[in-house]
*Asks:* 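Got a structure for you, questions after.
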Number of protein chains: 2
Amino acid sequence: MTYRLPPLSSLRAFEAAARHLSFKDAAAELSVTPTAISHQIRGLEEYLDFPLFKRLTRALELTHEGRAMLPKVREGLECFAAAIESTRQVVFGGRLVVTSPPAFAARWLIRHLPEFNAAHPEIRLRMATSLDTIDTADAAHVSGLSRVDVRDDKTETFIRYGNGHYDGCRVDRLFAPAYTAVCSPLLLKGMRPLNVPSDLRRHNLLHHEVDSELDQPALATWDQWLQVAGVTGITADGGTQISDPGLLLSAAIDGVGVALASKQLIEAEVLAGRLVMPFDIVIRPAQAYYLVVPEAVAERTVVTAFRRWLLKEAAKVREG
Amino acid sequence: MTYRLPPLSSLRAFEAAARHLSFKDAAAELSVTPTAISHQIRGLEEYLDFPLFKRLTRALELTHEGRAMLPKVREGLECFAAAIESTRQVVFGGRLVVTSPPAFAARWLIRHLPEFNAAHPEIRLRMATSLDTIDTADAAHVSGLSRVDVRDDKTETFIRYGNGHYDGCRVDRLFAPAYTAVCSPLLLKGMRPLNVPSDLRRHNLLHHEVDSELDQPALATWDQWLQVAGVTGITADGGTQISDPGLLLSAAIDGVGVALASKQLIEAEVLAGRLVMPFDIVIRPAQAYYLVVPEAVAERTVVTAFRRWLLKEAAKVREG
DNA sequence: CCGACGCGTGAAAAAATCTCACTTATATGA
DNA sequence: TCATATAAGTGAGATTTTTTCACGCGTCGG
């Protein structure tokens, strides 16, 4: 069985044009210019040796022939889509749970997930957050990772903030947060200048309030940043203490003061103009974000697909 | 409904490769090199993010995934083929009868028809021959052309040899035969030389015997050719008289003598080395072959498709 | 052990596809 | 009515995709 067919891309153009009854709209759908569609259709008509559209002013109409051809062409495209979709379902299909630190989930993962969903619509992904994914100060102890039910359809993976040593797991370093000072752009236009780090003297510093009882991780502190910036004489215990990191960032956005935040996690706010980074001084804690996958599920295709995608995304962040 | 699909050509390559279980054979089917298939498949696998084939030494095997994907891909291609075929059936479908002079049918049309069939498999074409398609010497009288039943599914067209004036018909000139001397290549290697036209003295001339009762058309004669060639003193009434033109050519092929034949109609014999044209001297009668279509059917798509194709083929002959 | 065979690779060539700048035709509305 | 905007068409040139070429690898069969 050998198929005698025109360039298949022209059939795709035909289907889109016939559906929209507009070269312009079809072009938009296929992300090309209307001219491209025009050429494709013309080529197809030439190949077939009969016209598919009646070109009226400002409107297209299918010819008798075009109308006759459309359903089967559409069916063909649907077959292709179905072939791929169902096979992806076979290969990758299933559920995947990603548990990560709340800030990472809220400020980074959730913004990038739509892309993953587009690339892998057949993977039903559930995001979960847990403070347990943040290594405690004395580190190395990892709980819960080994208790994965291997038969479970819901494969679970973790993104952890910590030192990268997790027994019985495949570990990939994503990136280390780069903490820098951030504030509302309005603050820069205010009366008090903020040109050099020492100007911070006259500003309200927003601190992450560490609950000592929780044995909190080694978060970046203003003390550390000010030291790197070479600023002395600022009492780090001044300013506002806020326990919730999300609330802290909101405060910075609202112009309440200057916060320390990870460059990578506030990308969206900076792009949107809600936050600015007045100084190019960053501190990097020894800890980083890691993708941690229990060995038992590491070979599952859902996991490898997610891992491959996540590492690619993380690489962009590292470079950018 | 917007389809998210890989380059469709790669699906075609996949189907062919999967069917043959060989890149090489698939390449042959699609008239490309095996490398091209290799690249296409690789690209598709990259797009899909899973392998379609297991590459063994000297043999391919479909992966689980490839096997899962194949049926729907095939179905898609079949849909496309069906879409086009059925629409062509709607547009062009039907029967077409082409009546032409016997020699034209046997020596030219029949060799070119397979191409038309390939281009228009939906048109069932019947070849007919009739001496009536050759204008009689007193010309202008055309019989039978007007008596076409317009409702008839069997649309009839004619190829006529004559002067080109046919009332009530669309007429296109195809080409005028160019008569030249032809003989078997063996004759040239024989003892009697055939380097210049006057050498024909020593050869047997094969004549088309004209049946005077039939009011035969103005065929080219040796008298005319010898005059153009500037040869005198050959008695044209010598040589062998043969009444059937096919038989006459057979005789030439068998080395019986030298015949006068139309360059265009003996192309195949020359290419096959059964005949040679020792001299580049041709005579062109005033008559030519014409495509003659009764007005009543001239607008039918079967006719326009045939006409377009035939004129293109005839143009090649005129140039070549 | 050698040569033929089938597939793979990367760079270069060829072909297709797309875009750009400009045109046409006509409907809209000031 | 006439300028304006819209959708499509054209042909040349740019771009991207596809194909080829030259060569490499592993192995099967004599």
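Sequence lines set the chain letters: A, B, ... in the order given, protein chains first and strands last, and positions in each chain run from 1.
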*Asks:* Is any side-chain N or O of B:H39 under 3.5 Å from a base N or O of D:dT17, one able to act as donor and the other as acceptor?
*Replies:*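 Absent.
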
*Asks:* Sub-3.5 Å donor-acceptor pair from the side chain of B:S38 to the main-chain atoms of B:P34, do we have one?
*Replies:*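 Flag not set: sc B:S38 to bb B:P34 has no pair under 3.5 Å.
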
*Asks:* Atom CD of A:E46 to atom C1' of D:dG11: distance rounded to whole Å?
*Replies:*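 Roughly 14 Å, once rounded to whole Å.
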
*Asks:* With a 6.0 Å cut-off on the ring centroids, do B:Y3 and A:F80 count as close?
*Replies:*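 Judged by ring-centre distance (under 6.0 Å), B:Y3 and A:F80 do not meet the cut-off.
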
*Asks:* Using the benzene-type ring in the case of Trp, are the ring centres of A:F23 and A:F53 under 6.0 Å apart?
*Replies:*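 Under 6.0 Å, so yes.
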
*Asks:* Between C:dC18 atom P and A:L30 atom CG, what is the distance in whole Å?
*Replies:*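 Computing the A:L30:CG to C:dC18:P distance gives 9 Å.
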
*Asks:* Determine the contact category for A:L60: base if any of its heavy atoms lies under 4.0 Å from a base atom, sugar-phosphate if only primed atoms, P, OP1 or OP2 are that close, otherwise nothing.
*Replies:*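 The answer is sugar-phosphate, as A:L60 gets under 4.0 Å only of primed atoms, P, OP1 or OP2.
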
*Asks:* Rounded to the nearest Å, what distance is computed from the NZ atom of residue B:K24 to the C1' atom of nucleotide C:dA4?
*Replies:*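 Taking NZ of B:K24 and C1' of C:dA4, I get 12 Å after rounding.
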
*Asks:* Rounded off to whole Å, could you give me the OH-to-P distance for the B:Y47 and D:dT18 pair?
*Replies:*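 Computing the B:Y47:OH to D:dT18:P distance gives 13 Å.
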
*Asks:* Report yes if a side-chain nitrogen or oxygen of A:T33 is closer than 4.0 Å to either non-bridging phosphate oxygen (OP1 or OP2) of C:dC18; otherwise report no.
*Replies:*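 So the side chain of A:T33 is outside the cut-off, no N or O lying under 4.0 Å from OP1 or OP2 of C:dC18.
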
*Asks:* Could you go through the salt bridge (charged side-chain N to carboxylate O under 4.0 Å, His left out) check for B:K316 and B:E313 one step at a time?
*Replies:* CA-CA 5 Å; B:K316 286 186 209 162; B:E313 289 299 313; 3.0 Å; yes

*Asks:* On the nucleotide C:dG6, are OP1 or OP2 found under 4.0 Å from the side-chain N or O atoms that B:R55 carries?
*Replies:*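 No, outside the criterion.
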
*Asks:* In whole angstrom, give the distance that lies between atom CG of A:L8 and atom C1' of D:dT18.
*Replies:*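 To the nearest whole Å, that distance equals 14 Å.
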
*Asks:* Give a yes or no on whether the backbone of B:V91 and the side-chain of B:T301 come within a donor-acceptor separation of less than 3.5 Å.
*Replies:*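 Yes; at least one donor-acceptor contact below 3.5 Å.
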
*Asks:* Rounding to a whole Å, what distance do you find between B:R12:CZ and D:dT19:C1'?
*Replies:*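 Distance, rounded to whole Å: 15 Å.
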
*Asks:* B:T57 side chain: which of D:dG11, C:dC7, D:dT27 is closest?
*Replies:*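 Output: D:dT27.
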
*Asks:* What is the distance, rounded to the nearest whole Å, between atom CD1 of B:I37 and atom C1' of C:dT9?
*Replies:*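 These atoms are roughly 16 Å apart.
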
*Asks:* Nearest to the side chain of B:R58 - C:dC5, D:dT10, D:dT18?
*Replies:*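 That would be C:dC5.
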
*Asks:* Could you check how far CG of B:L44 sits from C1' of D:dT17, rounded to whole Å?
*Replies:*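 These atoms are roughly 15 Å apart.
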
*Asks:* Of the options D:dT18, D:dA22, C:dG6, whose atoms approach the side-chain atoms of B:T35 most closely?
*Replies:*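 Nearest to the side-chain atoms of B:T35, counting from C-beta on, is D:dA22.
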
*Asks:* Compare the minimum distances between each of C:dT17, C:dT9, D:dT19 and the side chain of B:R42, then state the nucleotide with the smallest one.
*Replies:*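 Nearest to the side-chain atoms of B:R42, counting from C-beta on, is C:dT9.
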
*Asks:* What nucleotide among D:dT19, D:dG9, D:dA8 has an atom nearest to a side-chain atom of B:A36?
*Replies:*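 Of D:dT19, D:dG9, D:dA8, D:dT19 is nearest to the side chain of B:A36.
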
